[in-house]
Amino acid sequence: MGNALRLLYGHCCKPTTTESDSLGPHGVSAASVGVSALAHDLFHFENTAQVPVGLNQHVVSSKKAQANWYRKLVESWREARPPPKTAEEAARLVIKTLKHHQKADVEGLLAYYGLPLPHTLIQLSTGVPTSLPQGVQYEFQTLPVDAKAVADGDTVTVYVSTADPRESSSVPTEVQVATIQREKAREKRNYVKADELHKKIIDAGYRVLQFQNEDVLARKYRIRLRGIDAPESKMPYGKEAKDELVKLLQGKCLRVLVYGTDRYGRSVGDIYSNGIFAQEVMLKKGCAWHYTAYDQRPELAKWEREAQMKRVGLWASSNPEKPWEWRKDRREGR
């Protein structure tokens with residue numbers, strides 16, 4: 001536990017200067033490293049049994065009660081798989097762990113770390129399906145997603161290990177040969193040759209990635225989130241939509257349910273990140289439209305209406321432009 005907290009704190013403790021979110025007393029952004037301040041204090045408490053000195057100014061309960069909270073939070077953090085990495089994940093852990101404590105104390109603790117307050121968090125209703133929904137052709141688990149792999153608010157590139165039974169039988173012979181030759185070239189420190197062979201592997205739609213200190217041959221998939229259409233990058237709210245999807249997917253191993261392939265060669269599917277349905281989050285946060293031309297699921301329409309009523313995300317604008325109309329205008333030169 002202590003090592004995990006120390007590692008997280010070491011990676012996340014540098015404040016960012018580009019975020020505009022409110023700052024807690026630690027001087028960290030709620031959207032970036034507020035979670036590392038909490039991780040640091042839990043690590044400190046585990047070793048010293050001391051709660052932060054400045055916490056008294058934000059909560060109403062005694063130091064004895066505060067110590068009880070931190071004991072519970074240390075245990076919850078230890079049991080979390082994986083531990084929280086974003087401010088929203090950390091806030092949910094705090095709220096769930098301290099759900100029987102005073103509201104003022106819970107909100108004061110969240111405010112102390114610059115974490116989202118309960119009323120700002122969306123309520124998620126959809127879990128991972130226990131059986132494959134109608135229309136699913138196949139599913140797979142991905143390797144951890146890189147932030148740079150998220151193209152916009154509805155498209156992401158993922159990689160699937162060829163150790164997956166579905167993938168292992170379909171790896172092209174030339175890719176298998178190039179992978180073996182690349183490994184031998186690297187053993188001989190012939191990195192120029194190794195890079196040439198890796199380019200050949202990449203051109204074939206595969207890549208050798210580092211995962212858990214091992215080289216893993218993986219197949220590339222471009223995923224188009226089924227049933228939603230997010231603003232394009234150059235549209236208003238396009239950057240915010242992409243950032244939200246990055247926050248949801250970065251570093252996660254995803255479960256993807258694939259329904260088919262679109263005209264651009266992308267796999268159209270549902271994405272689950274740590275059990276969270278990505279499309280539900282994007283719709284409820286006002287980061288995308290329900291793409292009714294291709295998906296009539298009533299729950300997607302319901303989540304879009306909720307965001308519209310709350311005027312969150314792109315719905316804060318009185319008349320946001322629809323991305324499919326924006327694309328049509330660009331094609332027609334308007």
Side-chain angles (χ1 to χ4, degrees), residues 18-21 31 88 120 122-126 133-137 145-158 220-250 254 256-273 276-334:
T18 58
E19 303 283 357
S20 59
D21 296 328
E88 187 167 316
T120 67
I122 62 170
Q123 297 300 311
L124 300 174
S125 57
T126 303
Q134 185 177 1
V136 173
Q137 296 181 0
V145 174
D146 189 280
K148 295 178 181 178
V150 178
D152 51 36
D154 55 35
T155 306
V156 59
T157 298
V158 301
K220 176 182 177 180
Y221 286 88
R222 289 182 67 218
I223 308 299
R224 176 64 165 81
L225 275 69
R226 178 177 179 244
I228 68 170
D229 199 1
E232 300 293 337
S233 299
K234 295 181 180 180
M235 292 179 63
Y237 214 77
K239 180 182 183 302
E240 289 84 351
K242 176 182 176 179
D243 290 347
E244 187 62 43
L245 193 59
V246 168
K247 188 166 63 173
L248 183 62
L249 305 186
Q250 183 179 7
L254 310 176
V256 183
L257 308 183
V258 178
Y259 290 80
T261 305
D262 69 8
R263 58 180 173 173
Y264 303 106
R266 300 174 299 189
S267 299
V268 179
D270 291 340
I271 289 181
Y272 293 86
S273 175
I276 295 173
F277 185 29
Q279 283 96 313
E280 180 179 1
V281 172
M282 296 300 286
L283 286 169
K284 284 188 171 182
K285 289 196 170 185
C287 294
W289 277 259
H290 177 203
Y291 208 0
T292 55
Y294 296 94
D295 193 313
Q296 286 78 45
R297 282 179 285 184
E299 61 270 30
L300 272 62
K302 175 177 176 288
W303 297 332
E304 181 186 59
R305 285 196 301 271
E306 290 177 9
Q308 288 173 333
M309 292 175 63
K310 294 178 181 177
R311 301 188 66 81
V312 296
L314 62 90
W315 302 113
S317 171
S318 59
N319 187 29
E321 186 176 10
K322 298 177 179 65
W324 54 89
E325 293 180 354
W326 186 90
R327 292 190 294 267
K328 182 181 178 181
D329 288 346
R330 295 305 177 278
R331 287 195 300 269
E332 295 175 354
R334 288 188 282 182

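Just so you know, these numbers use all the heavy atoms, side chains as well, and skip hydrogens, waters and symmetry mates.
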Contacts table for residues 261-269: side-chain donor-acceptor under 3.5 angstrom, sequence neighbours left out:
from : atom 1 : to   : atom 2 : distance (Å)
D262 : OD1    : Y264 : N      : 2.9
D262 : OD1    : G265 : N      : 3.1
D262 : OD1    : R266 : N      : 2.9
D262 : OD2    : R266 : NE     : 2.7
D262 : OD2    : R266 : NH2    : 2.9

#### Entry: Euclidean distance, L257 CG relative to I223 CD1, rounded to 0.5 Å
10.5 Å
#### Entry: Set of residues satisfying side chain to side chain contact (heavy atoms under 4.5 Å, CB included) with respect to K239, sequence neighbours excluded
D243
### Message
Name the residue from V256, V281, L249 that meets the side-chain contact (heavy atoms from CB on, under 4.5 Å) definition with S273.
### Response
L249
### Query
Between P236 and P231, which heavy-atom pair has the shortest distance, and what is it?
O-CB, 3.7 Å
### Query
Would you say V156 and I271 make side-chain contact, with heavy atoms under 4.5 Å?
yes
#### Entry: Ion pair D146/K148, N-O distance below 4.0 Å
no
#### Entry: K247 with E244: basic N within carboxylate O range, under 4.0 Å
yes
### Query
Rounded to the nearest 0.5 Å, how far apart are CZ of R297 and CZ of R226?
4.0 Å
### Message
Please verify the inter-ring angle class for F277 with Y272; under 30° counts as parallel, over 60° as perpendicular, anything in between as tilted.
### Response
parallel
### Task
Could you tell me whether the side chain of H290 and the main chain of P298 form a donor-acceptor pair under 3.5 Å?
no
### Query
By side-chain hydrogen bond (donor to acceptor under 3.5 Å, both in side chains), which residues pair with Q250, not counting sequence neighbours?
none
### Query
Out of curiosity, E304 CD to I228 CD1, how far, rounded to the nearest 0.5 Å?
10.5 Å
### Task
Answer yes or no: does atom CD of E332 have more than 12 heavy-atom neighbours from other residues, nucleotides or ligands under 6.0 Å?
yes
### Summary
Nearest heavy-atom contact between V150 and V246 is CB-CG2, 3.6 Å
### Task
Indicate yes or no: does D229 engage R224 in a salt bridge with an N to O separation below 4.0 Å.
yes
### Query
How far apart are the closest heavy atoms of A288 and L314, and which atoms are they?
N-CD2, 3.7 Å
### Task
Output the distance between atom NZ (K220) and atom OG1 (T157), rounded to the nearest 0.5 Å.
5.5 Å
### Task
Mind listing the closest non-hydrogen atom pair of A230 and C287 along with its distance?
CB-O, 3.6 Å
### Query
Mind checking what makes ring pair (Phe, Tyr, Trp, His ring centres under 6.0 Å) contact with Y291, not counting sequence neighbours?
Y294, W324
### Task
Using side-chain hydrogen bond (donor to acceptor under 3.5 Å, both in side chains) as the criterion, list what pairs up with Q137, not counting sequence neighbours.
none
### Message
I'd like to check M235 versus P323 (side-chain heavy atoms, cut-off strictly below 4.5 Å). Are they in contact?
### Response
yes
### Query
Between CG of D295 and CG of L225, what distance do you get to the nearest 0.5 Å?
11.0 Å
### Summary
Smallest heavy-atom separation, L124 atom then K284 atom, equals CA-NZ, 4.1 Å
### For W315, all residues meeting ring pair (Phe, Tyr, Trp, His ring centres under 6.0 Å), sequence neighbours excluded
W289
### Query
Out of curiosity, W303 CH2 to Q279 CD, how far, rounded to the nearest 0.5 Å?
8.0 Å
### Task
Find out whether E321 and D329 are in side-chain contact, i.e. whether some heavy atom of one side chain is under 4.5 Å from a heavy atom of the other.
yes
#### Entry: Expected output: side-chain K285 to main-chain G313 donor-acceptor under 3.5 Å
no
### Message
I'd like to know whether D154 forms a side chain to side chain contact (heavy atoms under 4.5 Å, CB included) with M282, so could you lay out the CA-CA distance, the side-chain angles of the two residues, the decisive distance to 0.1 Å, and finally the verdict.
### Response
CA-CA 9 Å; D154 55 35; M282 296 300 286; over 6 Å; no
